[in-house]
Amino acid sequence: MHEASVDTNDDGALRVTLRGEIDFTNSTEIHKIITDAVSERRPAAVRVDLAGVTFMDSTGIGVLVDAMRVALAAQADFRVENPTRRMLDQLRTTGLLTAFGLE
Amino acid sequence: MDGAGDRSGPRATHTEDVRTDGGQAEDGQAEDERVESGRAPGRTASDWPAWRLPELADAGMYVVDDRGLIVAVNAQAERLVGRRATDLLGRDAHELLHRDSRGGSIPRIRCMVRQAFLSGRTLHSELAWFERGDGSLLPMAWTVAPCELAPGERGALVIFHQVDPAALPGPWAADAEGPMSELDRLALLAETTATLTSTLDVQEILRQLVRLVVPLLADWAVVDLLTEEGGVVRQLVVHHENGELVHHEDLERAMPPVPEASSMPLSRALRGVTGALAGPGTYRGRPDSALAVVQQELFQATGMHSASIAPIRGVRETVGALTLGRASQAEAFTRSELLLVEDIARRAGLALDNARLYERQRRVAETMQRHLLPQLPSVPGLRMTACYRPAPRASQVGGDWYDAFPLPGGATALVIGDVVGHDLDAAAGMAQVCNMLRAYAGGQDEPPHAIVDRLDQAVTRMVQPVMATMVLARLEPGPSGRWTLRWTNAGHPPPLLVGHDGRARYLEDGNGLLLGTGLREPRPEAAVELPPGSTLLLYTDGLIESPGRILDEGLDKLAAYAAGLVGRPLDSLCDLLLSGVRPGDNDDDVAMLVLRLPR
């Protein structure tokens, strides 16, 4: 199973679902999947679902920030959804809760 | 920043489904025993259905999984090998049972079970030996049938019965020591590739290489490696003695240079030309070089009467040479065996080349980091110590750094930071961020948040933009003589302040976004008066983060441990913290900066 998949919600938002371990071994590939999807589909909003993520290292956080940049550059609203407790801690420490629409 | 544990570890463990189907209710007792006897990591015997193997009058039966671990056994097998099911289940059948006619262990690639796996065919042998529980040998005939234990899960059924070797016609007695078949060769080459490319450690690759070919192909193995400085080192000389691999360190040594024109076998191999057969006679005449003298001595000391010498070639260059020699093994090497040795050496070369490249990259990054990390300034009244530790295993390099330097107004800047990534890019990014910060901070006497704000804008303009977390703190004595710390935190774990009474608290204010997001948000700043005798610890997440625990647990552990160290000398703090707090499963680098205030 792939660590990242994309589909489109009923409301037209691009839904990126991440799974498993997001780290330096797959971050480049995931970054490309998201970038390609945003440039092809031009969604009004991008939602990244972290419910299935078991581990994320710092390059994984980098993937989320890059996704946000790509979304904002395409004038799409950006939000991260369903972070685990662990992920939430990481995003709080890095000061990203507001930017990711989590508070 | 957020810790990268070694993710190459047991990735699969949490996805494994434990099999619970298949009539285990009737077999509760055996089930319990299997759980206890599951000695190998990963799937254990108890995860498979409890097969009922039929009890025939004379046939022992067992089933192995794709790792060769016994997952089922019948009562006759227990009787024949003189071991209880509990001592068999979960064990590696080849390692535990399979022996040659003299009771010696057999290289795994010569094991018929392995060959049945590789070829997918049912194989039969009229004579082989198992070691019984009491150490005696069981001569037996056996059939190995590959099978599927579950869809997509390979295994094999082994059926065996006792035989009398004396009653067999002549040729069978030689079975285990016969010349290598084509299947043997293919199996050996497949195993060579699989084994040698599974590690990036040069010493481990060499160890495995020797294990693969000795005593299967030779009783002596010699590995010469070309060093990066252009020299030659006789890295390994191993002999098979009484069933064991024995190192002959007296023969392991720095070697004379490789002569340009020499046509002697080792010289040619080390120049990457081609492999050759050699014997004591090859080097007997007048030596053409110092290298030839060493070779003369090698043949003398080892008693090798025949050797295959093959180049170990990497992708871009020759890495070294492999010499396999026979002293107690009577047969001389044949041309076709030399070709096999060349093939093995080529595969070893690719593995060694990878490992060397990897080591080189890691060394470059570490050297860079070491040169970049600064000398701490001396500030009257304060004591400081700092350290950087690369990732414990050779898998990653990082972008952690610490820094401390005087500011234009007389205050002192303290910095801890972590550039995202685990490669040379991260280390290079760190070098730039670290120095840009020094430049901005040294330019004007500004508050920390203003300096970091400018740095944040600068990192997004870098040729290779990076993301980083960091704390910049400004430390200065106030009018009362108390020291004030003023800091801004860009997405970094909070500094820890430990009073001289051992009370610890995290400085959690002043928290803003990490650097390099491209977003502009006001950067907060906070200030605190540092009590006399207190200790301030700035650190990176490699000290506390672990894939196996949540952040708070790491922070709690650090605070509790640091509180117990207030009386310890400052110089010992970094080491004590590393050994006491850093999680065992963390494979991230760590930087620390520790400050102690006067009483």
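Any value given below was found using the heavy atoms of this structure, including those in side chains, with hydrogens, waters and symmetry copies removed. So that the names make sense, note that chain A is the first sequence line, chain B the second, and so on, each numbered from 1.
Taken from CG in B:L551 to CZ in A:R85, the straight-line distance is 8.5 Å, to the nearest 0.5 Å. Note: A:T94 OG1 to B:L515 CG = 11.5 Å, rounded to the nearest 0.5 Å. In this structure, B:T517 OG1 and A:L96 CG are separated by 7.0 Å, a value rounded to the nearest 0.5 Å. Here OG1 of A:T98 is found 5.5 Å from CD of B:E521. Values are rounded to the nearest 0.5 Å.
Listed options A:M68, A:R69, A:R92 were ranked by heavy-atom pairs under 4.5 angstrom with chain B; first place goes to A:R69.
Contacts between B:L519 and chain A at a heavy-atom distance below 4.5 Å involve the side chain alone, from C-beta outward. For chain B, no part of A:L97 is nearby; none of its heavy atoms comes within less than 4.5 Å.
Put simply, the side chain of A:T93 does not reach to within 4.5 Å of the side chain of B:T469, judged on heavy atoms.
Residues A:S58 and B:G421 approach most closely at OG-N, 3.8 Å, considering heavy atoms.
One finds a salt bridge joining A:R86 and B:E545 here, because a Lys/Arg side-chain nitrogen approaches an Asp/Glu carboxylate oxygen to under 4.0 Å.
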